[in-house]
Amino acid sequence: MENLTNTLFSSFEADEVTFFADLILPIPVPRLFTYRVPREMAEVLKIGARVIVPFGKNNGRVFTAVVARLHNSPPTNYQARYITEVLDEYPLVTGYQLELFRWMAEYYMCCVGEVMNIALPSGLKISSQSKVQINPDFDYPELLTEFEDTLLTELKKQQALSYDELVRLAGAGTNIPALIKSLVGKKAIIVFEEVREKYIPKMVRKVRLNRTYEEKEQLLALLNRLEKLPKQQEVVMRYLSHVPVQMNASLNQKGLDKTILNQDDTVSQSSLTTLIKNAVFETFELIQPRFSDNAPPQAEIKLTDAQREASQQIMAQFERQNIVLLHGITGSGKTEVYIDLIQQAVGSGSQVLYLLPEIALTTQIVVRLQRVFGDKMGIYHSKFSDNERVEVWKGVVSGQYQFVVGVRSAVFLPFDNLGLIIVDEEHETSYKQHDPAPRYHARDVAIMLAHWQQAKVLLGSATPSLETYHQAKQGRYGLVELFRRFGDATLPNILLIDTKVEKRQKTMKNEFSSALLTALEANMERREQSILFQNRRGYSPYMQCEDCDWTAECPNCAVSLTYHQRAAELRCHYCGHKEEVPRICPVCGSTKVRTIGFGTEKLEDQLQIIFPKSKVLRMDLDTTRAKNAYQQIIQEFEGGEIDILVGTQMITKGLDFDNVSLVGIFDADRLIHFPDFRATERSFQMLTQVSGRAGRRAGRQGTVLIQTNNPQQTILQKIIENDYKGLFDEEIQERQNFNYPPFSRLIKLTVRHADKAVSQQAADRLAAELTDALGSSRILGPEQPLVERIRNLFLFDILIKIERDKVNVKAVKSYIQDRINDILTDKGLRQVSIVIDVDCL
DNA sequence: AGCACGCCGACT
DNA sequence: GTCGGCGTGCTC
């Protein structure tokens, strides 16, 4: 019957009428799904539009999907289901993006659905896992239908409703997707995905007058009534002075920050409580906007001669090259060069994307850019709520945002007319997505994007990745250098402290060399600030029994537990497991359970003991977890009251502090000797970047002290001399000898299973098959990674090295995929999971 | 991924 | 005798 109607329709309608849509669903299944297009949708439905579809056994689930293809050939071996709802009249996903999705899925060996899922902010994906919440800014109830209004009143009482709860509330038979679409369209509600452990938008508690007092007479009556209650009257008056409801009643809905009304006296607090109890005031919560707009607009930026020259050189090189590397030492003022180029590109009418590593974006740079570009600039940050991300997305489509500053995921925004992409701190590893697929590198994706849209790419760094610098030296990228510090500030003087000598002479105080202590003290006396870098958080990485050598280990992972003193617990930095600190050794009962090694927390602690009067702040994952903690720490440090900032690599990223003249670096050896072929490169980058925090102001030379057991190491010499090129020349030779990137591409396969033997068996077989086809020189492993078990899964890594030229990468990838699929369908091995990481770092 | 179906152990 | 463990297969 179904087939009969199909053929009937086909013969009745013109050829271009579409009945079927191939959709991208946000699930990790490597294929598109074909749905039927209801007749009334046939004309409106466009490629790139979002639709809502039922999915799974007895339509149990609902997804937002994206139309990838429209056609009229019915599937032969199943009945296609109908699309429930069309969400977009015009494509929300551009053709460029669909192309990008497909390319990424192929290149990074994942499913298009996974790419789409990461690309779209969850606010654009209604699904059965969605939740809805009332939009606190909504104040146009007159737009609502009666039914919607009752529903919204109900919703107001709840914090948020899940999709299923909404179904129950609205009653069976309601077209829930259509309802949500309508309410979202009226900006009455907000859709979001279940927030995992992610960002929770900062809420401000606000108060406003009960609606009845928006009328003048009612308000006057209220004030009269309160005549005998002066305290309460005062509160109301205070509210009215901030929110002149009597002048403009509509102001009331926006309310007033509760803290402003409380000020600091407890009297008004209790009066306010009473007023709220008596329904004079009502409280509500609002999402706090993250960047307030009070920066003075359009501060003229002035380029130094060196900056102007760099900018001109870049423009000149863009004539012949699509990609240019700006190699500028720390503090050379690359940002001004970027601003200049952005202004030119925006002025010529094209779009600009400015990528920054996650943490750097939170800082002063955004404020600086905002001063120049004002509200023409969109900000795309993972710490922003979904609605804000959706706003930016739509702003790009509408043309409101011609220029966006953003993190990694900003490459997914719907640009269609890019002229310039800047990738700042190009070497930063946080551009590579690690955990959920697609495991993409935003820099490389940006280069593809630019290629498709004929845009130029500017890669900027003080310590370029070997890959990029190699390309520049080969002439495939342009190269512009900026080797003078802004305002002619000098580069810091870097000194190596031999901790071996100090230990022998017993001049170390805990982890601190006497040289460092003297420098810190002198710095404090001069009222200048210091930064201490230790790339390890927590108090100490081991807890061990002195008598029997027992160490605290994670029950789920093959690592020792880190002792956190402030939280008074042991934590696993891999799976998050926490446990109590043992008083006695659980094996032998000894009380001599000691901590070994040190992290930022311990340094902070010891500083307080050594310099009791000093003000010390710590900045690491643990102190910046809270919403605005990062900015708070920076602000406090900038305020100048703080003497010493102790931190992990977090402090290396793009922070500008005028008053910092000393940087101390601990445990450099651990960094340098990390068992990874990129360790040297990483160490150079990290240590150079931290060093760059010292003495960024003209007229004073900063000092950097690096504590090491072996000052003779060549890498340290290179860092002292700021000899990037020397390091590059040595390192690139090594890479060539062992056929590592940039001479090859790497694909890492990680096999995981709860049973070590099964995991190993699968890995062995996979490696053997790959070796057979590709030769043993291209396959490394399988070997157990440094941490061989995480979350109770045993890991085995296989590394595949593919030469840049003379090998068909596509063919290799498809071969790898086939072998993996074989294993995954093998009776004995099918429950192993295999993670593919293309261009792994 | 998630969800249903299905085949084996410890419980009322 | 059943409840529920998770291994297996499928999703338009």
Side-chain angles (χ1 to χ4, degrees), chain A residues 2-3 5-6 18-38 41-42 45 47 49-86 101 104-105 108-120 122 125-131 162-164 167 177 193-198 433-439 750 752-755 757-759 761-762 791-793 817 820-836:
Chain A
E2 199 70 33
N3 278 332
T5 34
N6 272 342
T18 54
F19 294 103
F20 296 96
D22 291 351
L23 307 180
I24 304 173
L25 264 69
I27 50 172
V29 176
R31 82 185 95 125
L32 299 176
F33 291 86
T34 305
Y35 280 79
R36 299 199 69 187
V37 181
M41 290 181 198
L45 195 58
I47 290 176
R50 291 171 306 149
V51 295
I52 293 203
V53 291
F55 186 78
K57 292 263 152 63
N58 42 353
N59 294 346
R61 293 197 283 165
V62 170
F63 280 119
T64 298
V66 171
V67 180
R69 205 168 77 89
L70 291 166
H71 58 92
N72 45 25
S73 42
T76 48
N77 47 350
Y78 58 89
Q79 275 303 327
R81 278 185 217 163
Y82 277 105
I83 289 171
T84 317
E85 187 70 30
V86 180
F101 291 0
M104 280 182 73
Y108 289 108
M109 302 180 72
C110 64
C111 308
V112 225
E114 292 175 302
V115 180
M116 186 268 256
N117 199 26
I118 288 289
L120 299 196
S122 35
K125 290 176 296 185
I126 301 168
S127 77
S128 33
Q129 281 111 63
S130 297
K131 294 200 165 208
S162 71
Y163 191 90
D164 294 334
V167 172
E193 291 296 283
E194 187 66 89
V195 198
R196 280 153 217 161
E197 48 152 331
K198 267 202 192 152
Q433 165 135 332
H434 250 305
D435 203 13
R439 300 182 168 75
T750 304
R752 309 184 301 177
H753 192 271
D755 184 332
V758 177
S759 190
Q761 195 193 339
R791 293 172 201 274
N792 282 322
L793 296 175
Q817 190 67 63
I820 289 175
N821 291 346
D822 285 354
I823 287 179
L824 265 27
T825 47
D826 184 297
K827 251 294 178 233
L829 302 173
R830 72 174 81 221
Q831 325 85 307
V832 301
S833 68
I834 299 175
V835 174
I836 312 174

Asp826(A): salt bridge (Lys or Arg N to Asp or Glu O under 4.0 Å) partners, not counting sequence neighbours: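 Listed in chain order: Arg765(A).
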
Testing the 3.5 Å rule here: is there a donor-acceptor pair between the side chains of Tyr82(A) and Arg36(A)?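 Their side chains do contain a donor-acceptor pair, which is all the 3.5 Å distance test asks for.
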
Ignoring hydrogens and geometry beyond distance, is a side-chain donor-acceptor pair present between Arg50(A) and Thr64(A) at under 3.5 Å?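 Absent: no donor and acceptor within the cut-off.
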
Tell me if a side-chain donor or acceptor on [X] pairs with a main-chain N or O of [Y] at a distance below 3.5 Å.
{"X": "Arg439(A)", "Y": "His434(A)", "answer": "yes"}
{"X": "Ser127(A)", "Y": "Phe63(A)", "answer": "no"}
{"X": "Lys125(A)", "Y": "Asn117(A)", "answer": "yes"}

Under 4.5 Å between any side-chain heavy atoms of Ile823(A) and Ile834(A), yes or no?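 Yes; the side chains approach each other to less than 4.5 Å.
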
Can you find a heavy atom in the side chain of Thr34(A) that is under 4.5 Å from one in the side chain of Tyr78(A)?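 Counting from C-beta outward, Thr34(A) and Tyr78(A) do come under 4.5 Å.
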
Detail all sub-3.5 Å separations between protein N/O atoms and N/O atoms belonging to nucleotides 2-9 of chain B.
| residue | atom | partner | partner atom | Å |
| --- | --- | --- | --- | --- |
| dG2(B) | O4' | Arg61(A) | NH1 | 3.2 |

Identify the 5'-most and 3'-most nucleotides of DNA chain C with at least one atom closer than 4.0 Å to a non-hydrogen atom of chain A.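 Using the under 4.0 Å cut-off, the span is dT8(C) to dC12(C).
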
For a quick check of understanding: with a heavy-atom distance under 4.0 Å over all strands, which category does Arg830(A) fall into, base, sugar-phosphate or nothing?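 Touches sugar-phosphate only.
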
Mind checking Tyr78(A) for me? I need base, sugar-phosphate or nothing, with any heavy atom below 4.0 Å counting as a touch.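 Counting heavy atoms under 4.0 Å across all strands, the contact made by Tyr78(A) includes a base.
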
